[in-house]
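Note that the structure is predicted; figures quoted are calculated from it, not measured.
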There are 2 protein chains.
Amino acid sequence: MSIPTPTPTTQSKESVTCPMDFILRMLMGPWTTYILYNLRTHGPQRFGELKRRVSGISAKMLTERLRTLEGAALVKRDYEATIPPKVTYSLTKRGGELDEVMDRLAEIAVRWEAEDAAQRAARAAEARAPENLGELRAAE
Amino acid sequence: MSIPTPTPTTQSKESVTCPMDFILRMLMGPWTTYILYNLRTHGPQRFGELKRRVSGISAKMLTERLRTLEGAALVKRDYEATIPPKVTYSLTKRGGELDEVMDRLAEIAVRWEAEDAAQRAARAAEARAPENLGELRAAE
DNA sequence: CCGTATCCCCGGGGATACTG
DNA sequence: CAGTATCCCCGGGGATACGG
């Protein structure tokens with residue numbers, strides 16, 4: 001994966017190992033959030049379906065990500081040996097446990113965006129009429 | 001950054017844009033969690049201090065990450081033009097707002113780890129005395 | 001001390017072609 | 001349909017050296 005780890009050799013005894021790192025490394029994987037998000041909102045679905053939805057992803061990448069997620073027990077793979085074969089992916093119970101956190105994150109993201117927009121608006125207004133400064137700014 | 005984005009050109013109108021993506025891209029950045037974690041647990045600190053703590057990171061990388069975090073208003077940079085110069089980094093209010101989510105994540109991570117350990121133990125026991133199966137397994 | 005500038009290298013990931 | 005196998009390329013990031 002592309003996320004550098006503290007080099008094992010360089011790893012000092014004072015090295016910081018935050019527990020959530022594992023999960024973040026998971027979520028952090030390229031495309032991962034898109035995949036989870038899709039499985040959440042559109043429910044269990046087949047490989048091709050997922051690939052179509054996560055637009056731009058390559059088959060190689062999608063496979064690799066799904067395998068990793070499966071390994072972490074966040075995603076379940078159902079293989080039906082029909083012809084043509086049918087493979088369905090779905091969130092596991094454990095995968096669902098991330099919903100809450102993801103919701104919180106989404107919520108924060110939305111709020112920040114709104115705050116930023118307000119800031120920009122305030123700044124624009126201030127540029128036109130530079131009286132009463134500071135009250136918005138005070139929030140940092 | 002190393003996290004692939006759906007190629008803009010390939011981006012379809014059905015493209016999935018989950019709101020938290022921005023934040024995750026932020027947290028996701030290499031080393032980022034280590035940096036935030038350190039700022040949280042050891043408080044405001046200077047560049048070199050931080051670099052020493054986040055063992056293995058290069059100056060280039062640390063600078064780039066801090067700049068990005070600063071740009072996202074998660075981290076504050078205090079420059080004191082003494083000789084030698086003194087630069088202190090700290091979490092902003094906004095940066096602190098991630099604490100809750102990070103705590104939740106850490107909590108989940110710890111629980112999963114415990115569950116996995118329990119599973120392994122159960123499996124080992126089962127290998128020795130294969131009676132009463134199923135109850136742990138049933139949890140998926 | 002806190003960075004930028006430069007070089008260079010490795011491997012992650014896309015494209016393509018092919019199988020069960 | 002759901003992947004693997006192969007090739008190839010680009011840029012992310014470390015190491016090093018230097019500036020304010």
Inset, instruction - Answer yes or no: does a side-chain N or O of B:Trp31 lie under 4.0 Å from OP1 or OP2 of D:dG14? - result: yes

Inset, instruction - Assign each of B:Arg46 and B:Lys60 to its nearest nucleotide of DNA chain C by heavy atoms, then name whichever residue's nucleotide is nearer the 5' end. - result: B:Arg46

Legend entry - Between D:dA2 (C1') and A:Glu49 (CD): distance, integer Å: 14 Å

Inset, instruction - Ignoring hydrogens and angles, tell me if any N or O in the side chain of B:Gln45 forms a donor-acceptor pair with the backbone of B:Asn38 under 3.5 Å. - result: yes

Inset, instruction - State whether the side chain of B:Thr88 and the backbone N or O of B:Pro44 hold a donor-acceptor pair below 3.5 Å, judged by distance alone. - result: no

Inset, instruction - Would you kindly give the CD1-to-P distance between A:Ile57 and C:dA15, to the nearest whole Å? - result: 12 Å

Inset, instruction - Please figure out whether A:Ser58 or B:Pro84 has its closest DNA chain C nucleotide nearer the 5' end. - result: B:Pro84

Legend entry - Nucleotide C:dA15, atom C1' - distance to NZ of A:Lys51 in whole Å: 11 Å

Inset, instruction - Would you kindly give the CE-to-C1' distance between B:Met61 and D:dG12, to the nearest whole Å? - result: 8 Å

Legend entry - Where B:Leu39 and B:Leu91 come nearest, the two heavy atoms and their spacing: CB-CG, 3.9 Å

Inset, instruction - Starting from C1' on C:dT4, measure out to CG on B:Leu62 and report it in whole angstrom. - result: 14 Å

Legend entry - Interatomic distance, A:Lys86 NZ vs D:dC1 P [rounded to whole Å]: 12 Å

Legend entry - A:Arg77 vs D:dG3: side-chain N/O to OP1/OP2 distance below 4.0 Å: yes

Inset, instruction - Could you check A:Pro85 against B:Ala59 and say which one's nearest nucleotide on DNA chain D is further toward the 5' end? - result: A:Pro85

Legend entry - Candidates D:dC1, C:dC7, D:dG3 - which lies nearest the side chain of A:Tyr89: D:dG3

Legend entry - Cationic N near anionic O, under 4.0 Å, B:Glu107 to B:Arg104: yes

Legend entry - Ionic contact status for A:Glu115 with A:Arg111, cut-off 4.0 Å: yes

Inset, instruction - Among the candidates C:dG13, D:dG3, C:dG3, find the nucleotide nearest to the side-chain atoms of A:Thr63. - result: D:dG3

Inset, instruction - Could you state the atom-to-atom distance from CD of B:Glu64 to P of C:dT4 in whole Å? - result: 11 Å

Inset, instruction - Report the nucleotide, chosen from C:dT4, D:dT4, C:dA15, that has the shortest atom-to-atom distance to any side-chain atom of B:Arg67. - result: C:dT4

Inset, instruction - Please report, rounded to the nearest Å, how far the P atom of C:dT4 is from the CZ atom of B:Phe47. - result: 8 Å

